[in-house]
There are 2 protein chains.
Amino acid sequence: MADLSIDVVAKAAGVHRSTVSRAFSRPEAVKSETREHILRVAEGLGYTMSPLAQALRRKTSTFIPLIVPDITNPFFAELAKTMTQAADERGYQLLLCVTNGDPAKTDGYFTAMQAMYAPFGIVAPSTKVDTEALKLFDFGHKVVVIDRVEGDSSVPTVTVDSRRGIMLALDHLHSLGHTSIGYVSGIAGTHTAQDRMDAYLELSAEGNSTPLVLDSGSDPDAGARAAQHYLEMENPPTAIIAANDMVAFAVISALGQNGIRVPDDVSVIGFDGLALGARFNPPLTTVRQPIDDMGNIAIELAEKQNLNGSVEHIVLEPELLMRASTAGPRK
Amino acid sequence: MADLSIDVVAKAAGVHRSTVSRAFSRPEAVKSETREHILRVAEGLGYTMSPLAQALRRKTSTFIPLIVPDITNPFFAELAKTMTQAADERGYQLLLCVTNGDPAKTDGYFTAMQAMYAPFGIVAPSTKVDTEALKLFDFGHKVVVIDRVEGDSSVPTVTVDSRRGIMLALDHLHSLGHTSIGYVSGIAGTHTAQDRMDAYLELSAEGNSTPLVLDSGSDPDAGARAAQHYLEMENPPTAIIAANDMVAFAVISALGQNGIRVPDDVSVIGFDGLALGARFNPPLTTVRQPIDDMGNIAIELAEKQNLNGSVEHIVLEPELLMRASTAGPRK
DNA sequence: AGTGTTATTGCAACCGATCTCAGCAACCGA
DNA sequence: TCGGTTGCTGAGATCGGTTGCAATAACACT
């Protein structure tokens, strides 16, 4: 358990340290016999290479930062989970960085990651500020953004088709017989939030129904305010689309506190497809983003970019997850 | 933006690299005049020290691993959030490690962290296996566990008083007039889960009421099964204590699916105090763990141990968070 | 046998810091 | 004025690997 350096192993195996190094990181450059011997010895000693020393010398590491604004938000938590998995299947080590929306912190993470020779980074939908910031770094062009990036197609991105998602929600609600459908917005500053809202507005217009935004705030209280707004209306909508599942939860909760039942009195549909939604009361009908795929794709995009400089923009298809928070309108 | 090593700064400032090094890490050892000059030059160049190189040479870093089984579980997410904050106030960088309950992964994280010269680590309630594993490492004695550790008081721990928490729940329910109180268990393998359950059993016995465990499973479906069990009883309890908030959510959801209302038909109280609970339907009454404090205390304990080898076991007081999922029993 | 490859391995410089030791100048008291 | 401190800075080894280059061995070919 003592200090196990490459030299110790080298001595034990009777070879030079460079051979040990090669046995590990460039197996084909060592006679297989020698290699196996070395590996066996190393194994016996319980030796593993120091990622620090490696990174320092190679000037590239396997640490990959995932920058999210708030890990407490289940969407990011789920993203983190699948990305951890995806990263480690590919031999990377994911470092979760939580900014709490503080741009200074984002900055700090970027420099730190640069210093740690991260081969690339992933930033999850955050404020526009963050995506701006990343251009200040060399690093900037080795970042995959899980969001849309405005006016800069040099950064690979993976997103889900917001318009299509809202369309799915709208169609579902229409098919249930709803004609008056309200909307509650989500996290401010995010492109996705903006896109979803825009989609709602446009699609409503195209369908000749007047859009009805119950709340366009972004704070945790948006749900409560939307519910309040709903209560005050003389002619409230029979269904509500929430920009994301968390908001949907909040709306249903607030409505419930005021005696309004979902889906009996009003239908509510979310957007995200959080696992949590299945255990909400009632289980939440929602538009699911393929979070698992996003993780894998993000890493693939980054690798591709690192390899041949190609920049891709992947747009994934959302799907409707029918659970129990929607039903036909109250007659 | 080019490669900025300490030598570059040294040359630019006209001093030797050791002086630059000292200017940063041992300010008092450098003439203030020189130091300021160096710092100014460094600043101008946009220089920051390489944490990698530092860690390699010093054999100690500021990376501190937080090992949790599942970041998707809001409890761990909240823990991660406060710990990130706490860590970084003290100049540490938290590395979130997610095991998904895989002991092999826990092991891997330990070795990795050892290799990265983490000064200590934090492991959050996980299976006993994990806490066993940590003894295999030197590292083992520089770990703080957020849970109780069986038969080994050499590891600092911080926990919340389970018995007291359950007592709070029981008292609250009693004061509301409930006499028949069921219980649903939580994550298996955790000491806390065990402790809560034991507390429930003991306290029920002491209060001369027969304990009624609706489900003692640990998987995500425990809630559903508990609800099922409830429905099948001819004389179901009028209130239910859930071992943790997530289970409470699941129970309420499953009950709701079967037309049982909370708190109208049955009261449900959770344990954890997740922020999410405030936006559940109905807002969840629960026993709150001071998660914020836990993060800070965990780090403090670790530092103390590192400093003078002292090992403390902190037990925090839980508190009742009254919201809307409990009410008097249906007459 | 002589020469040209090719496969393996050793050598030593290097990555970006830290830290012990030594050198040097200024300062102190007698 | 001299030995003894004290304060500050430079030298150079070191942390644990990587990698270009040189050396040697083994094998093929004319």
Side-chain angles (χ1 to χ4, degrees), chain A residues 1-39 41-42 45-63 111-119, chain B residues 1-39 41-42 45-63 93 111-119 138:
Chain A
M1 223 23 110
D3 268 13
L4 234 41
S5 77
I6 196 172
D7 288 299
V8 176
V9 178
K11 210 166 308 162
V15 297
H16 190 264
R17 57 185 203 298
S18 46
T19 306
V20 176
S21 170
R22 283 186 282 252
F24 279 92
S25 29
R26 217 140 32 85
E28 76 288 357
V30 176
K31 203 202 320 190
S32 59
E33 203 179 316
T34 321
R35 170 169 26 96
E36 275 159 28
H37 172 228
I38 296 178
L39 261 25
V41 171
L45 263 46
Y47 167 80
T48 16
M49 290 220 163
S50 158
L52 259 51
Q54 284 192 151
L56 179 58
R57 182 60 232 247
R58 291 181 170 164
K59 282 173 168 292
T60 175
S61 70
T62 58
F63 300 122
T111 46
M113 287 309 129
Q114 214 170 179
M116 293 185 66
Y117 301 114
Chain B
M1 227 18 115
D3 266 15
L4 234 41
S5 76
I6 196 172
D7 288 298
V8 176
V9 179
K11 211 165 306 163
V15 297
H16 190 265
R17 35 187 221 301
S18 31
T19 308
V20 177
S21 171
R22 283 185 283 251
F24 279 92
S25 27
R26 216 139 35 84
E28 76 288 357
V30 176
K31 203 200 323 186
S32 60
E33 201 179 316
T34 321
R35 172 168 26 98
E36 274 159 29
H37 172 227
I38 295 179
L39 261 24
V41 171
L45 262 45
Y47 167 81
T48 16
M49 291 218 164
S50 158
L52 259 49
Q54 283 193 151
L56 179 60
R57 184 59 234 247
R58 290 181 168 164
K59 282 171 168 294
T60 176
S61 70
T62 58
F63 300 122
Q93 166 104 44
T111 45
M113 288 310 131
Q114 213 171 181
M116 293 185 66
Y117 300 113
D138 290 349

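Both backbone and side-chain heavy atoms feed into the values below; hydrogens, waters and symmetry mates do not. Residue numbers begin at 1 in each chain, while the letters A, B, ... track the order of the sequences.
The only option from E36(B), R22(B), H37(B) that meets the side-chain contact (heavy atoms from CB on, under 4.5 Å) definition with V30(B) turns out to be R22(B).
Listed in residue order, the members of residues 51-60 of chain A having a heavy atom less than 4.0 Å from DNA chain C are L56(A), R57(A), K59(A). Contact check of residues 8-18 of chain B against DNA chain C (heavy atom, cut-off under 4.0 Å) returns R17(B), S18(B).
Pairs of Watson-Crick or G-U wobble type, with distances under 3.5 Å, assemble into runs of 3 or more in DNA chain C at these ranges: C:1-30 with D:1-30.
When the nucleotides dG16(C), dG17(D), dT9(C) are ranked by their closest atom to the side chain of S50(A), dG17(D) comes out on top.
Annotation: side chain of P51(B) is not in contact with side chain of Q93(B) (no heavy-atom distance under 4.5 Å). When side chains are defined from C-beta on, I6(B) counts as touching Y47(B), because their heavy atoms get closer than 4.5 Å. Put simply, the side chain of Q54(A) does not reach to within 4.5 Å of the side chain of F24(A), judged on heavy atoms.
Using a distance-only test at 3.5 Å, with no hydrogens or angles considered, a donor-acceptor pair links the side chain of R35(B) to the main chain of P27(B). Within the 3.5 Å criterion, the main-chain N or O of M116(A) finds a donor-acceptor partner in the side chain of S61(A).
Between L4(A) and G46(A) the shortest heavy-atom distance is CD2-O, 3.5 Å. The two residues A13(A) and I38(A) have their closest heavy-atom pair at CB-CG1, 4.3 Å. Nearest approach of A12(B) to V41(B), heavy atoms of both residues: CB-CG1, 3.7 Å. Contact record, L52(A) with Y117(B): CD2-CD1, 3.7 Å, taken as the closest heavy-atom pair.
Taking only side-chain nitrogens and oxygens, S25(B) never comes nearer than 4.0 Å to OP1 or OP2 of dA17(C). OP1 and OP2 of dC19(C) both lie 4.0 Å or more from every side-chain N or O belonging to S21(B). Taking side-chain N and O atoms only, Y117(B) has a distance below 4.0 Å to OP1 or OP2 of dG16(D).
Under a cut-off of 6.0 angstrom, the local environment of CD in E33(B) is sparse, with at most 12 non-hydrogen atoms contributed by other residues, nucleotides or ligands.
Rounded to a whole Å, the CD1 atom of I6(A) is 16 Å from the C1' atom of dT14(D). Taking atom CD on E36(B) and atom P on dC8(D), their separation rounds to 13 Å, with Å as the unit. With rounding to whole Å, L4(B) atom CG is found 10 Å from dG16(C) atom P. Rounded to an integer number of Å, the gap from CZ of R35(B) to C1' of dG7(D) is 13 Å. Nucleotide dT18(C) holds its P atom 12 Å from the CG atom of D7(B), rounded to whole Å. Distance, E33(B) CD to dA25(C) C1': 15 Å, rounded to whole Å. Counting to the nearest Å, the P atom of dT18(D) and the CZ atom of R22(A) are 10 Å from each other. Atom C1' of nucleotide dC8(D) and atom CD1 of I38(B) are separated by 11 Å, given to the nearest angstrom.
Within the nucleic acid shown, F24(B) has no heavy atom closer than 4.0 Å to any nucleic acid atom. Heavy atoms of V20(B) sit nowhere under 4.0 angstrom from any nucleic acid atom.
Here the OG atom belonging to S50(B) is positioned 14.0 Å from the CZ atom belonging to R57(B), to the nearest 0.5 angstrom.
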